[in-house]
2 protein chains.
Amino acid sequence: MEKLQEERIRTRNIRRILDAATEVFARKGFDGTRITEIAEASGLPKANVYYYFGSKDDIYRAAIARLIQGWDEALEEIALEKDPAEAFTRYVTAKLRFSHQHPTESRLFANEILRGAEFLTEQERKHIRDVTNYRVAVIEAWIAAGKIVRVDARHLLIMLWAATQFYADFQPVVRDALGNRNLESADFDAAARCIADTILAGLIPRDPEPI
Amino acid sequence: MEKLQEERIRTRNIRRILDAATEVFARKGFDGTRITEIAEASGLPKANVYYYFGSKDDIYRAAIARLIQGWDEALEEIALEKDPAEAFTRYVTAKLRFSHQHPTESRLFANEILRGAEFLTEQERKHIRDVTNYRVAVIEAWIAAGKIVRVDARHLLIMLWAATQFYADFQPVVRDALGNRNLESADFDAAARCIADTILAGLIPRDPEPI
DNA sequence: GTCTATAGGTAGATAGAC
DNA sequence: GTCTATCTACCTATAGAC
């Protein structure tokens, strides 16, 4: 009974701390973040933050790990069986929706990369490489089957990632570019449509010549 | 004679400080940067940094201002007269080349945006908006003339910016995605080609119906 | 589990000799 | 213009009462 209660408090507080930490780390980076600010944002006293995490490093690592896990669950597949146009559209839409709903996580990741990706574990980096390699194989199979034009699969993936990530990470710029207003769901839909109209349209062969 | 000598020393030291500051700010953000680190990276004692700049804020603002000036000079125009495909190719190539040669400036800008763009002056933001609006007008004129397909011009510009910026700001990710090696000029050429093969190819009308 | 107090270190910024 | 010494404030992390 009391054990369960304690466990619930523990889980809730850890989540609060990581939510707050993600936001502050994303904005100010690792070195610029003060534990006091995380504590204030989480609504807990500073000493309680240290009760759950041994150091600033620990909090940072936990926030990064949680973020990568979330991405994985949300964006698992470009499946081989699917039609390329449908698969790309699904992927872009899912990623833009995720960027819209979780901009903070995305920005934390961006900050970690700007920092030089020193805190990403070798396991996490290998995982990113594996996912990329799998998708490259899928795209190259589509090219071999004549379903899409011949492009560099790796650069294509980078481009899709870049286009979708930008909407989460560079919101002040996006706002200015769209006319100085807050971003709504409709803007992310318009972004998805624009990506579909250009990148995806350019991928479909004009003179289809299947092998 | 001595005046000139002093002026040269002054100019050289200010440049050294701003170079060092750009690098450290880009990596650690404003709050994470220590003046001591800027001093060490510039090869000058900390007190000399304070001789040239009154505060950390001053150094940061100067670095941002220099960066925007540099971008402006390097990336002035998508000109209206030009053929769309050629204009886009020129723009993408110029921006990728700039990203390759000045990744640090690009990352500093990214960090400032992640921070919430609080240090960008209203003048600087207005300038960015003006440049965007001008290019939007150009693209919409091309659409009206039937030279490219009907797309949202603002999202198209964001997409081009995103794709090119990514190569400067997210180099660790790009490296992993391309197979864990250092980036060379050839990679930026391949990126330009991929963008041309997809985005630009998708823009050219299939059934041209000029108005 | 929660919170106050504080140790020990380092930050931004300045004073003033050379 | 250059540099050492230093002030004040704040940071991470911990000790220990409740």
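So you know, we letter chains A, B, ... as the sequences are listed, proteins then strands, and number each from 1.
Between A:Arg129 and A:Glu122, at least one side-chain nitrogen of the basic residue sits less than 4.0 Å from a carboxylate oxygen of the acidic one, meeting the salt-bridge criterion.
Ranking D:dT12, C:dG12, D:dG1 by closeness to the B:Tyr52 side chain, first place goes to D:dG1. Proximity note for B:Arg34 (side chain, C-beta onward) versus C:dG12, D:dG1, D:dA13: the nearest is C:dG12. The listed nucleotides are C:dG1, D:dT2, D:dT12; the one nearest the side chain of B:Ile9 is D:dT2.
Residue order along DNA chain D, read from the 5' end via each residue's closest nucleotide, puts B:Arg12 first among B:Arg12 and A:Thr33.
Rounded to an integer number of Å, the gap from CD1 of B:Ile14 to P of D:dT2 is 11 Å. Residue B:Ile35 contributes atom CD1, which lies 5 Å from atom P of C:dG12 at whole-angstrom precision. The interatomic distance linking A:Lys28 (NZ) with D:dT12 (P) rounds to 11 Å, in whole Å. The CZ-C1' distance, from B:Arg8 to D:dG1, rounds to 15 Å in whole Å. The nearest whole Å value for the distance from the CZ atom in A:Phe25 to the C1' atom in D:dT12 is 12 Å. We find that CG of A:Asp58 is positioned 14 Å from P of D:dT12, with the value rounded to whole Å. Computed from coordinates, the A:Lys56 NZ to D:dT14 C1' distance equals 17 Å when rounded to whole Å. With rounding to whole Å, A:Tyr60 atom OH is found 15 Å from D:dT12 atom P.
A ring-centre distance under 6.0 Å is found for B:Trp71 and B:Phe109. Centroid-to-centroid, the aromatic rings of B:His155 and A:Phe188 stay 6.0 Å apart or farther. Annotation: B:Tyr91 is not in aromatic contact with B:Trp161 [ring centroid separation under 6.0 Å not met].
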message: Quick one, B:Arg61 with B:Glu112, criterion salt bridge (charged side-chain N to carboxylate O under 4.0 Å, His left out). Give me CA distance, side-chain angles, the key distance, then yes/no.
response: CA-CA 10 Å; B:Arg61 270 183 245 275; B:Glu112 163 65 10; over 6 Å; no
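Contact detail for B:Leu160 and B:Ile195: the closest heavy-atom pair is CD2-CG2, 4.3 Å.
Remark: B:Lys28 fails to qualify as a cation-pi partner of A:Phe30 under the 6.0 Å distance and 45° angle criteria applied to the six-membered ring.
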Check: protein-nucleotides 3-8 of chain D nitrogen or oxygen pairs below 3.5 Å:
none

